Amino acid sequence: MKCSICNEKAVGSFQEKPYCSEHFKEALESFVFSFIKEKKIIPSSKVCVAVSGGKDSTSLLNIASKYMQNQGLGKPTALCINEGIEGYRDKTIKDIAEFCNKNDIDLRLVSFKDEFGFTMDEYLEREGEHLSSPCSVCGVLRRYLLNKYARDFDVVCTGHNMDDEAQSVIMNLLNDNMGLLARQGYFSGLLHSDKFTKRVKPFYFVKEKEIMIYSLISKLNISFNACPYAKADFRNPVRVFLNEKESEDKNAKKNVLEFYLSIKDRLAQQFLNESLQECQICHEPSSNQICETCRIRETWAKGTSF
Ligand code: SF4
């Protein structure tokens with residue numbers, strides 16, 4: 001395959017057009033820059049990028065940083081949550097710390113251990129058998145910390161890509177979770193609170209494999225190891241299903257997202273009257289009197305001797 005611009009050997013396709021490495025990088029960056037601009041995803045210099053050291057968030061930090069500097073907005077701040085997953089997160093944190101150091105980007109690190117008193121490994125060792133999947137706890141705690149520590153910023157950019165988002169639409173439909181479904185999209189959330197920082201997704205229409213190629217071409221320092229707990233998540237069979245569908249129809253995931261966006265506003269109407277409360281324990285925003293994070297903390301505290 002030849003690059004559709006210069007006739008050099010193509011390294012892969014972006015938006016179904018083949019490109020050499022130089023033009024692939026240009027095409028992806030230019031697409032994401034236009035998306036950010038058109039949707040007003042980065043409105044100011046107070047931007048935080050949630051990073052894990054994986055290919056998606058490191059590529060996003062690289063692109064958001066370029067975009068902001070082009071616009072005279074300075075550089076974003078990177079925020080990394082350390083769940084305490086040995087052999088996995090320790091390696092990706094080393095990678096992202098190196099990237100931030102090399103690119104002169106401020107990196108803030110927050111850990112489950114410091115905040116909650118346990119690592120994810122410790123929690124699963126004791127409570128794992130009672131959980132439907134490790135991600136059901138890890139995801140709640142990660143979102144809580146992300147919101148809490150990104151409060152000084154106007155937006156938090158996350159590296160969710162087209163594959164992640166299409167999977168979430170299908171998962172929420174299959175689980176009949178319309179409230180969560182209504183909160184999806186390239187701007188997450190419905191209700192406004194001073195304690196909520198808006199979450200935005202510049203890679204909403206970029207496929208996972210396109211980001212993979214971008215990260216390799218850009219020589220980003222990434223180890224590509226996967227979380228050992230990810231296999232147990234319901235997301236996994238949904239990912240396999242969507243990948244099979246995409247091998248039959250290259251637009252399968254995009255079709256899921258376009259359909260979702262076409263009904264999102266009508267769906268959201270049903271949830272706009274819900275009120276946001278403060279958790280009675282931690283005073284963070286919550287849809288219940290006690291937030292899910294405090295419930296997890298209570299479960300942990302019951303079995304410890306402090
Ligand atoms: Fe946490 Fe699940 Fe992500 Fe692993 S895959 S870091 S357990 S949310």
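What's counted below: heavy atoms across the whole structure, side chains too, no hydrogens, waters or symmetry copies. Here the structure is a predicted model, which means the values were calculated and not measured. First listed ligand is number 1; within each ligand, the first listed atom is number 1. Residue numbers run from 1 in the order of the sequence given.
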*Asks:* Look at atom 3 (Fe) of ligand 1 and say whether a protein heavy atom is found at less than 4.0 angstrom from it.
*Replies:* no

*Asks:* Can you check whether Ala182's main-chain N or O pairs, donor with acceptor, with Lys264's side chain at less than 3.5 Å?
*Replies:*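 Judged by distance alone, yes, a pair lies under 3.5 Å.
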
*Asks:* Can the ring centroids of Phe35 and Tyr186 be said to lie less than 6.0 angstrom from one another?
*Replies:*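 Phe35 vs Tyr186: aromatic centres under 6.0 Å.
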
*Asks:* Pull up every protein N/O/S atom sitting under 2.8 Å from atom 4 (Fe) of ligand 1, skipping waters.
*Replies:*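 Those protein N, O or S atoms (cut-off: under 2.8 Å from atom 4 (Fe) of ligand 1) are Cys227 SG.
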
*Asks:* Whether the Tyr214 and Glu29 side chains hold a donor-acceptor pair (N or O, under 3.5 Å, no angle test) is what I'd like checked.
*Replies:* yes

*Asks:* Quick one: do Lys253 and Glu165 make a salt bridge, cutoff under 4.0 Å?
*Replies:*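 Salt bridge flag = no for Glu165 with Lys253.
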
*Asks:* So does Arg151 pair up with Glu284, basic N to acidic O under 4.0 Å?
*Replies:* yes

*Asks:* Check whether any side-chain heavy atom of Leu60 lies under 4.5 Å from a side-chain heavy atom of Cys157, and answer yes or no.
*Replies:*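 Yes, their side chains come closer than 4.5 Å.
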
